[in-house]
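Working notes for the structure below.
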2 protein chains.
Amino acid sequence: MTEHARGHTHSAAPEAALREGGRRLTPQRAMIWEILRAEPDTHLSAEEVAARVHERMPQVNASTVYRNLDVLVEDGLVLRTDLGESRAFFELAHEHAHHHLVCESCGAVDHVHDDVFADVPARIHDSVGFRVGGREVTLHGICRQCADAARDPRANERDS
Amino acid sequence: MTEHARGHTHSAAPEAALREGGRRLTPQRAMIWEILRAEPDTHLSAEEVAARVHERMPQVNASTVYRNLDVLVEDGLVLRTDLGESRAFFELAHEHAHHHLVCESCGAVDHVHDDVFADVPARIHDSVGFRVGGREVTLHGICRQCADAARDPRANERDS
DNA sequence: ATTTATGCAAACGTTTTGCATGTGT
DNA sequence: ACACATGCAAAACGTTTGCATAAAT
């Protein structure tokens, strides 16, 4: 689940992609990019990104972060994912889909490989003509930890 | 798609379920329930429910609607579904899962029968131990209409 | 010179809260 | 009488916007 840990294609600063749209790679933008790159497995909300930015560049305004996240998403460099409950998260755009499993109990976000969906998109397309998004899917449910905790109350010690 | 139009299990006013928790079926609650029951295929946001309520009972405050939607969800009578983009919708709780397909292009919400998922939940559980929610799943993508419109620009006439 | 980006502050829209009043049990 | 529910107004929340300034082209 950490196969893409070390820098490759997408980790290079995204100057090119930005400049295509007449955009500039400002220090603030670079910082946001860097923050997302540094935590590939965390799903950061806009607010959390803003907080991270603020730690390192206190003078940067939250609105700048919001604006830049929008820009990066618009240019396809960053992916905005809705995890439900009005929680939108941001992460670097990947080549291939990885899907999100949001635990309804503890809020944790697991990942699944695209494989598990097998031919579901095809079946959906066949039955209703809907083309499931090229990107990410979010499922809700109960993660292993919470399921275990519910099954064996004693295991609660590691939870809240 | 209107099989459950006339009163049976779920369409009956939910007095019993409410009273179990020491709750009361107030006129406001009944109205909300009625509104959701009247539009089984629409996915109403809290705000839209509030608006519908206001049409019929103008003196009812929005906060009452918000509070009551919470209560109904809490008691399992109403289902809150997150359709992404901070759009949460409400509908009467059903027996069996039906899933939502949100068109990223036009925002329309399609439904798919649970069948299309076949053994996906099992596969997910096997691979990461995550138990996909007993209820509803939301997928994002492009609906048939929008896909057709994109493929054959001439068909745009029925769209925006 | 022109465009793009920033900081600031103020506005926004939705949802939540505190509190006094009302209603049902 | 008591617990539960309501209306109202105010606050809260995360996000967005207008505008003057600053930086890059």
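Chain A is the first sequence line, chain B the second, and so forth, proteins listed ahead of strands; every chain is numbered from 1. Remember, it's a predicted structure, so these values are computed and weren't measured experimentally.
- Under the side-chain contact (heavy atoms from CB on, under 4.5 Å) rule, Val132(B) has a single partner from Val116(A), Val112(A), Ile142(A), Leu139(A), which is Leu139(A).
- Atom C1' of nucleotide dC13(D) and atom CD of Glu48(A) are separated by 15 Å, given to the nearest angstrom.
- A close approach under 4.0 Å does not occur between any side-chain nitrogen or oxygen of Asn61(A) and OP1 or OP2 of dA9(C).
- Between dT23(C) and Thr26(B), no contact under 4.0 Å exists linking OP1 or OP2 to a side-chain N or O.
- A residue-by-residue look at Gln59(B) and Arg29(B) shows that Arg29(B) has its nearest nucleotide of DNA chain D further toward the 5' end.
- In this structure, Glu39(B) pairs ionically with Arg52(B), as a charged nitrogen and a carboxylate oxygen lie closer than 4.0 Å.
- Judged by distance alone, the side chains of His111(B) and His113(B) never bring a donor and an acceptor atom under 3.5 Å apart.
- Residues Pro27(B) and Ala46(B) each lie close to DNA chain C; by heavy-atom proximity, the contact nearer the 5' end of the strand is made by Ala46(B).
- A donor-acceptor contact under 3.5 Å links the side chain of Arg67(B) to the base of dG7(D).
- Under 4.0 angstrom from either OP1 or OP2 of dT16(C) there lies no side-chain N or O belonging to Ser63(B).
- Under 4.0 angstrom from either OP1 or OP2 of dG7(C) there lies at least one side-chain N or O belonging to Gln28(A).
- Salt bridge Arg37(A)/Glu34(A): present, at least one basic N to carboxylate O contact under 4.0 Å.
- At a cut-off of 3.5 angstrom, counting only N and O atoms as typed in the model, there is a donor on one side and an acceptor on the other between the side-chain of Arg24(A) and the base of dT3(C).
- Residue-level contact check: Val71(A) touches neither bases nor backbone, having no heavy atom under 4.0 Å from any strand.
- In this structure, Asp75(B) places its CG atom 12 Å from P of dC4(D), rounding to the nearest Å.
- In this structure, Arg23(A) does not reach the dA24(D) phosphate: none of its side-chain N or O atoms is under 4.0 Å from OP1 or OP2.
- Checked against dT16(C), dG13(C), dT25(C), the side chain of Glu47(B) finds its nearest nucleotide in dG13(C).
- Residue Tyr66(A) places at least one side-chain N or O closer than 4.0 Å to OP1 or OP2 of dT15(D).
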